[in-house]
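Heavy-atom basis, side chains included; hydrogens, waters and symmetry copies ignored. Just so you know, these numbers come straight off a predicted model, no measurement behind them.
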Amino acid sequence: MPKREPELTIKSVGVGLLLALIFGAANAYLGMKAGQTVAATIPSAVIAMALFRLRGFRGGILEQNITRTAGS
C-alpha cells in the first residue's frame, strides 16, 4: 500500500493563514482606494506552489491545495 502524505499540517494551515492575511489586507486597501478588488485564488496558488518546492519547505499537492484554499 502506498504511503500517504498528511493533508492537513501546521505548515499548510500557517502559510494559508499568512496568505489570507496579506491578500485580505490588499483587497481591503484596493477596495477602499480604487473601488475594485482582485481575486486572491490565483496568486495564492502560485505562491503556495513556489513555497512548497523550496528545499527546506517541501510539501505535496494536498498541502498546496489546503494552503491555496485557506489563502483565498
Open item on the list: Determine whether V15 and L19 satisfy the following criterion, side-chain contact (heavy atoms from CB on, under 4.5 Å), listing intermediate values before the conclusion.
Closed with: CA-CA 6 Å; V15 173; L19 289 175; 4.2 Å; yes
TODO: Please assess T41 against S44 for the test side chain to side chain donor-acceptor pair (under 3.5 Å), listing each intermediate value before the final yes or no.
DONE: CA-CA 5 Å; T41 303; S44 292; over 6 Å; no
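The local environment of CG in L54 is crowded, with over 12 non-hydrogen atoms from other residues, nucleotides or ligands closer than 6.0 Å. A 6.0 Å sphere centred on CZ of F57 holds more than 12 heavy atoms belonging to other residues, nucleotides or ligands.
Contact record, I66 with S12: CG2-OG, 3.7 Å, taken as the closest heavy-atom pair. Residues V38 and N27 come closest through the heavy atom pair O-OD1, 2.8 Å. Closest non-hydrogen pair, A48 versus T67, comes out as CB-CG2, 3.8 Å.
Note on L17 and L8: same hydrophobic cluster, where clusters join Ile, Leu, Val, Met, Phe, Trp and Tyr whose side-chain heavy atoms are under 4.5 Å apart, directly or indirectly.
Every residue two or more places apart in sequence or in another chain was checked for a ring pair (Phe, Tyr, Trp, His ring centres under 6.0 Å) with F23, and none qualifies. Residues meeting the side-chain contact (heavy atoms from CB on, under 4.5 Å) test with T69, sequence neighbours left out: N65.
We find the CZ-CZ distance between F52 and R58 to be 12.0 Å, quoted to the nearest 0.5 Å. Atom CG of L51 sits about 10.0 Å away from atom NZ of K11, to the nearest 0.5 Å. Between the CD atom of Q64 and the CD1 atom of I47 there is a distance of 12.5 Å, given to the nearest 0.5 Å. Atom CZ in R68 sits 10.0 Å away from atom CD1 in I42 (nearest 0.5 Å).
No donor-acceptor distance shorter than 3.5 angstrom exists from the side chain of S72 to the backbone of A40, with no hydrogens or angles considered.
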